[in-house]
Amino acid sequence: MKVIWLGHASFRIEIEDAVLLIDPWLAGNPSFPDDSRDAALAGATHILLTHGHFDHTSEIDQIASETKATVCCIPELGGVFEANGHSVVDWNKGGTIDCAGAAVSMVNAVHSSSMPTADGAIYAGTESGFMIAGEGHMIYVSGDTDIMADMDWMGDFYQPDIGILCAGGHYTMGMEGAAYAAKRYFNFKTVIPCHYKTFPLLAQDAQPLIDGLPGVDVKTPEVMDVLTF
């Protein structure tokens, strides 16, 4: 299994027979090198979207057209991309879908979700996270969220060993909050922070997360580095 950070909250996960793109935002993403676009998108089978904000969905029409990957997300958001002619699998919290052998369950998050249009923002369903099971691992993708009590049952029920956690602060929980949530609600072996370093408003350094999780392997890859599990 391979996990590749594409900058900000975007990831490429190669698991089972799937190549999952999580919230892929490449063009316009200050963290992403334009010359890596082909490598980031190669062989993509599914695009998983946590919510509708521009830094998660603004390039989905282009990427879905390029890759022919299936867009997977909450129904209200899925309806937008289905109307634009893309292949869509919509599902909701508590449900699990098969993505080429990887089992992806939708779970709660605490944030907001809308999409910009020429006529103003539109409702894009509610925000979400994912539990992704495959190759002997369970990955928790938090999406954009604050600490929430739902993490208690999510950690107990799904028992993820890898956490991909938003940790930049301002729009989501920060480094200290992510460390608190990881310690209180989960038993991760590995944590990967995201949604940081992109803009000056966000945390630029993951050291508080590292310091807050002794005994946990906190990985802080550079964009396009390959983490193998």
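Quantities reported herein were computed from a predicted structural model and do not represent experimental measurements.
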Would a 4.5 Å heavy-atom cut-off, applied to side chains only, mark [X] and [Y] as touching?
X      : Y      : result
His53  : Ser114 : yes
Leu48  : Leu21  : no
Tyr185 : Asp150 : no
Val141 : Phe11  : no
Val104 : Met131 : no
His195 : His56  : yes
Ile97  : Cys72  : yes
Thr220 : Tyr196 : yes

Determine whether Met115 and Val80 satisfy the following criterion, side-chain contact (heavy atoms from CB on, under 4.5 Å), listing intermediate values before the conclusion. CA-CA 10 Å; Met115 293 185 73; Val80 173; 4.1 Å; yes
Do any N or O atoms from the side chain of [X] and from the backbone of [Y] form a donor-acceptor pair under 3.5 angstrom?
X      : Y      : value
Glu14  : Met1   : no
Thr67  : Ile63  : yes
Thr45  : Ala18  : no
Asp225 : Glu222 : yes
Glu76  : Ile74  : no
Arg12  : Ile4   : no
Glu59  : Leu26  : yes
Asp23  : Thr50  : yes
Thr57  : Gly52  : yes
Ser128 : Val107 : no

Give a yes or no on this: more than 12 heavy atoms of other residues, nucleotides or ligands lie within 6.0 Å of atom [atom1] of [X].
X      : atom1 : value
Tyr171 : OH    : no
Asp98  : CG    : yes
Lys189 : NZ    : no

Do you know which of Val71, Val88, Val89, Leu77 makes side-chain contact (heavy atoms from CB on, under 4.5 Å) with Glu82?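 One option only clears the test, and that one is Val88.
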For [X] and [Y], take the angle between the two ring planes, folded into 0 to 90°, and tell me which bin it lands in: parallel under 30, tilted 30 to 60, perpendicular over 60.
X      : Y      : value
Phe54  : Trp25  : perpendicular
Trp153 : Tyr158 : tilted
Phe186 : Phe188 : parallel

Please find the pair of heavy atoms, one from [X] and one from [Y], that lie closest to each other, and give the distance.
X      : Y      : answer
Ala203 : Ala167 : CB-O, 4.2 Å
Leu213 : Ala179 : CD2-O, 3.5 Å
Thr70  : Ser87  : OG1-OG, 3.4 Å
Val218 : Pro193 : CG1-CD, 4.3 Å
Cys166 : Ala178 : O-CB, 4.0 Å
Cys73  : Met106 : C-CE, 3.8 Å

Starting at [atom1] of [X], measure out to [atom2] of [Y] and round the result to the nearest 0.5 Å.
X      : Y      : atom1 : atom2 : value
Gln204 : Phe199 : CD    : CZ    : 10.5 Å
Asp161 : His137 : CG    : NE2   : 6.0 Å
Ile164 : Leu227 : CD1   : CG    : 9.0 Å
Leu20  : Phe130 : CG    : CZ    : 10.0 Å
Ile210 : Asp217 : CD1   : CG    : 9.5 Å
Tyr140 : Met151 : OH    : CE    : 4.0 Å

Take Val216 and Thr190 through the test side-chain contact (heavy atoms from CB on, under 4.5 Å) and record every step on the way to the result. CA-CA 6 Å; Val216 177; Thr190 303; 5.9 Å; no
Cluster link Leu202 to Ile147, ILVMFWY, side chain under 4.5 Å: no
Give the cluster check for Val19 versus Ile132: same hydrophobic cluster or not, with ILVMFWY residues linked at side-chain heavy-atom distances below 4.5 Å.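 No, no single cluster joins them.
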Stepwise, does the side-chain contact (heavy atoms from CB on, under 4.5 Å) test hold for Phe81 with Ile60? CA-CA 8 Å; Phe81 296 110; Ile60 299 310; 3.6 Å; yes
Hydrogens and angles aside, do [X] and [Y] bring a side-chain donor and acceptor to less than 3.5 Å of each other?
X      : Y      : value
His8   : Thr198 : yes
Asp144 : Thr172 : no
Asp61  : His86  : yes

Hey, mind stepping through Met148 and Met173 against side-chain contact (heavy atoms from CB on, under 4.5 Å) and telling me if it holds? CA-CA 10 Å; Met148 57 179 174; Met173 60 185 176; over 6 Å; no
Taking ring pair (Phe, Tyr, Trp, His ring centres under 6.0 Å) as the definition, give me every residue that meets it alongside Tyr123, ordered by chain and number, with sequence neighbours left out. none
Any Lys/Arg nitrogen of Arg37 or Glu66 sitting under 4.0 Å from an Asp/Glu carboxylate oxygen of the other? yes
Would you mind checking if Glu127 and Lys93 are paired as a salt bridge, meaning a charged N to carboxylate O distance below 4.0 Å?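 Result for this pair is no, no salt bridge flagged.
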